[in-house]
Amino acid sequence: MSSHGCPYCGRKLGSAGSLKSHYAQSVNCRYFLRQEAQNAPPSPGRVPSSPSPPSSPSPPSSPSLLGPSPFSDVDMAGPPSPDGHAQPPPEPPRPSRRHVEIVEEEDIDAPGTTRYYCDYPEPAGCYLTEDDGETPIKETTAFEGLRDAQHEAGLPPWHPFDSEKEWGLGKWLAESGVSQARINQFLKLDIIKENIQPSFHNARALYQKIDTLPTGPKWNCEVLEITGDELDNHSKKKTENVHFWHRNCVEAIKTIIANPAFKNHLRYAPEQVYLDEQCTKREYVEMWTGDTWWELQGKLPVGATVVPVILASDKTQLSTFSGDKQAWPFFHDCMRKLLAPMKTAGNDGVELPCADQKVRNGFPILAAYLADHPEQCLVSGCRESFCPECKVDPKKRAAPDLSPDRIVIETLDILQRNADGKAPKKFEDLGLRQCDPFWKDLPHANIFKCFTPDLLHQLHKGMFKDHVVSWATSSIDGTKKESEAELDERFKVMPDHPQLRHFKRGISLVSQWTGNEYKHMEKVFLGALNGTAETRVVLAVRGIVDFISYSHFEAQTDDSLALLHESWTLFHTNKDVFIDLEIRTDFDGIPKLHKMIHYIASIRALGVTSGYNTEIPERLHIDYAKLPYRASNHQNYTSQMASWLRRRESLANFDLYLKWVAEVELSVEDEDQEDDEANDEDESGRQAAADPVETDTDDAPSPSAVDARYMIAKRAPFPSVSVHSLEADFGANDFLFHLHNFLAANSMVPNNFNDISATFSVYKRVRIKIPTVVQVSLHDIDDVVRATRPIEARALKHRVPAHFDTILGYLKETDRPTKRLRLVPGRIRAIFALPIEYGEYSVPLAYIEWFRPLNSFDKTLAMFKVTPAFRQQARHASIVPITQINRSCHLIPKFPPKVDRTLTADDVLERVTEFYLNPYLRHIDFVLLRGVRK
């Protein structure tokens, strides 16, 4: 018994589990345990934790974008002293450190990158145990329970459907969006009744089967009395009963965390990730790598599991024409009712069955809130002319300096005093509006630090489209109409690319912009300004476009955040040019500009911005509001929408269940096979293989088939293209000369080379695999490179222009394992297979016209200058294997002050001799060309 006693209070406890529970409940003992943990030696098997990594991120060279701790206003004091006063908080404990080597692309080659993962210094995310303190308490997940029940009843996994194919048909019909009448018509077709014969004969029978599938928490409906202003007279109040549909938020959390399909994607404890052994270069990816989770863990009992909750809200229009149906999913009264279960669970914890079958003590805590600026102000209780995150003066929002953060306790006190009729001066100074905030009782929640960057409304649509494009266009010499016409012409003649929208009519005539169009315009806007805007305008625009590009990184480091800060500083350093040109008088009235100052602090606290993009709830408007509304009869539509959502959730969950069952059965088969092999080996004492195994080499894949760097069609669409056509139609000048050089370099020149008149199999395109980089994606990126000749107009078909894309490649195969500057721009003219008459070569070839190497750099545009390469007064060209193509690229012409109106996108690459290499084509190109991989 004494072995499980508490060394701080002397209490005797029966087991290790009881001791853990004691620490969770005793504030004083937990405090001393944390104090002792600071000086504890590293756990066995771990790298020693000296030098100790900082518990909070190190600021970049300029600290102006870094705010205080996300929970600076929350009580972090230690246990009370005997006189009743709070003791100062302990110093941050030293986390233990372990290192893991992860292979990723580093520039063009791919050496290993070592990451050091610092665990939270106390037990965190621990599972609950039996009385012995070791055996984990386990609970069967819903998927496993369903599978066991089906096994007992002798039912297949796809029950209640007769077969897996019938399940696929039923799922497609239910998700297709067609009406029940149309489903009935489809099922009555003779070909369906006679051949497929599904077990459901109409839509009602189909939905009855779907209703038997397992689903999530049930929907509840409450009638709330809402009081608001009359639309035509704000002095009058109008009371209305509103049906509020909601689900138990804690049960919803349990459903998600217990889903075995997410088992490999869940984290139960925070970690700090570093790129160096000294723990000075921090990396931020998802929320578990940020500071918020780390700090929340310190506010909970030892071993507790933080369950960070992300909320999102936005209003939407439900009806297409009448405009009278709007859905406000959340407001303070409704949110208070919705999050009531989370309030209790966040204070006391809740037993949380997890995807690994273990049970943890979970504490759901509001950590992030996705909303646009008006919605953020509504939630936080401030007016729209103020910042919902800090106390900045609305008249000084353009200053590149941080203001003090809003404080939860202070704000609630001011709201309460104002509600009591005391009218405090700070109520007006802080821009508050009276409300009873739903978040006031949520444990450990700091709503002002929950707001995340809004890339869509703040950057793409806000700063870029609404402001920067307008300012830069106005800076071009001439009247407004002349400036727009000049900029339009530059967009018209911009070379096309498969991953770039070509604005054939320019940008001034686009009447309805979407987020996708903003992003495509950003890719070429800076290049379109070259030659017509003054230097400070270009630098200011570059600051915003660079800021947007860095903000999209899927993995941030201290170095990349410093570059994000530099781009923000670049804009502020040059923004006064728009005042000098009398385009603006000031920048104080732009809340979106001020919001950029909070991006770095948000990334350090909550992880990268991609997880909090408001494009997610914008998209969910369609899936969760508009489609259900259109599927209803528009009478009592909310209950019909709830039923529609429940069925869709059942379909999605059952689909995940079937995939999970397939993976489980496959893993069981693999384990059985491994056991059989092990038994064979045990019986013989060695691997049972007395006779040599013969391999049929005729069926072995060719090197090109297993080369993961590219994909190409099995059969060339143009199987017999003559040399004359390659030169005349494709522009592959002196084709045979360059083919001879290629064959000579590979010692393949046939004796009768000059007498061969073979035709060539020519391909339209090749798909290159660009290896992943952590800042962009965890998967390889497909990149299409085209080489197609023009097709003249005939009959009712329009002329199809030629597409000879520009690429980055290697002049020699030996250049491949080298750094970025060994890449050379080129223009691909033809992709073809070597005819057997010239010899055998397993990889398709490409005829490429080369530009000069990347040795010249424009510091204003921050782009490489590109010019054609010549040899003996002819374009430098060569034939190389397609494996020497690294990726496609985009070249922006170097424009004069006035663009030649006869220039077109089809001939600009032939007629212009100076270009810039576009780093904004894709995020992976930005990472490469700005040299920010490390």
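Because the structure is a prediction, the values reported are computed rather than measured.
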Trainee: Centroid-to-centroid, F926 to Y550, below 6.0 Å?
Mentor: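 Yes - the distance between ring centres of F926 and Y550 falls below the 6.0 Å cut-off.
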Trainee: For a quick check under 3.5 Å, do T614 and D372 share a side-chain donor-acceptor pair by atom type?
Mentor: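 Result is no, nothing qualifies.
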Trainee: Any side-chain donor paired with an acceptor under 3.5 Å for N516 and T514?
Mentor: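 Their side chains do not contain a donor-acceptor pair, so the 3.5 Å distance test is not met.
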Trainee: Say whether Y916 and N530, considering side chains only, have a donor N or O and an acceptor N or O under 3.5 Å apart.
Mentor: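 Their side chains do not contain a donor-acceptor pair, so the 3.5 Å distance test is not met.
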Trainee: Mind running side-chain hydrogen bond (donor to acceptor under 3.5 Å, both in side chains) on T557 and D559 for me, showing each step along the way?
Mentor: CA-CA 5 Å; T557 64; D559 291 339; 4.8 Å; no
Trainee: Aromatic contact between F832 and Y847, with the criterion being ring centroids under 6.0 Å apart: yes or no?
Mentor: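 Not close enough - the centres of the two rings lie 6.0 Å or further apart.
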Trainee: Regarding R911 and T904, is there a side-chain donor-to-acceptor distance under 3.5 Å anywhere?
Mentor: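 Short answer, no.
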Trainee: With sequence neighbours left out, write down each residue that passes side chain to side chain contact (heavy atoms under 4.5 Å, CB included) with P896, or none if nothing qualifies.
Mentor: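 Expected list: none.
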Trainee: Can we call the ring centroids of Y920 and F525 under 6.0 Å apart?
Mentor: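 Between F525 and Y920, which both carry aromatic rings, the centre distance is not below 6.0 Å.
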Trainee: Going by ring-ring contact (aromatic ring centres under 6.0 Å, His included), Y599 matches just one of F451, Y612, F547, F553. Which one?
Mentor: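 Going through F451, Y612, F547, F553 one by one, the ring-ring contact (aromatic ring centres under 6.0 Å, His included) with Y599 is satisfied by F547 alone.
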Trainee: How about K595 and H598: does a side-chain donor come under 3.5 Å of a side-chain acceptor?
Mentor: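 Side chains of K595 and H598: no pair found under 3.5 Å.
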Trainee: With respect to R765, which candidate in D805, V784, I828 satisfies the side chain to side chain contact (heavy atoms under 4.5 Å, CB included) definition?
Mentor: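 Looking at D805, V784, I828, the match for R765 under the side chain to side chain contact (heavy atoms under 4.5 Å, CB included) is V784.
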Trainee: Does D546 pair with R930 as a salt bridge, N-O distance under 4.0 Å?
Mentor: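 Here D546 pairs with R930 in a salt bridge, since their nearest N and O are under 4.0 Å apart.
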Trainee: Do the side-chain N and O atoms of E522 and H460 include a donor-acceptor pair separated by under 3.5 angstrom?
Mentor: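 A pair is found: one side chain offers a donor N or O, the other an acceptor, under 3.5 Å apart.
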Trainee: Test side-chain hydrogen bond (donor to acceptor under 3.5 Å, both in side chains) on D454 and H373; report intermediate values, then the result.
Mentor: CA-CA 8 Å; D454 180 1; H373 179 72; over 6 Å; no
Trainee: Going by atom types alone, do S610 and E554 pair a side-chain donor with an acceptor below 3.5 Å?
Mentor: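 Looking only at side-chain atoms, E554 and S610 do form a donor-acceptor pair, the distance falling under 3.5 Å.
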Trainee: Checking S888 against D783: is there a side-chain donor and acceptor pair closer than 3.5 Å?
Mentor: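 Their side chains do contain a donor-acceptor pair, which is all the 3.5 Å distance test asks for.
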Trainee: Residues two or more places apart in sequence or in another chain: which of them pass side chain to side chain contact (heavy atoms under 4.5 Å, CB included) with T535?
Mentor: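 Only L539, T860 meet the side chain to side chain contact (heavy atoms under 4.5 Å, CB included) criterion with T535.
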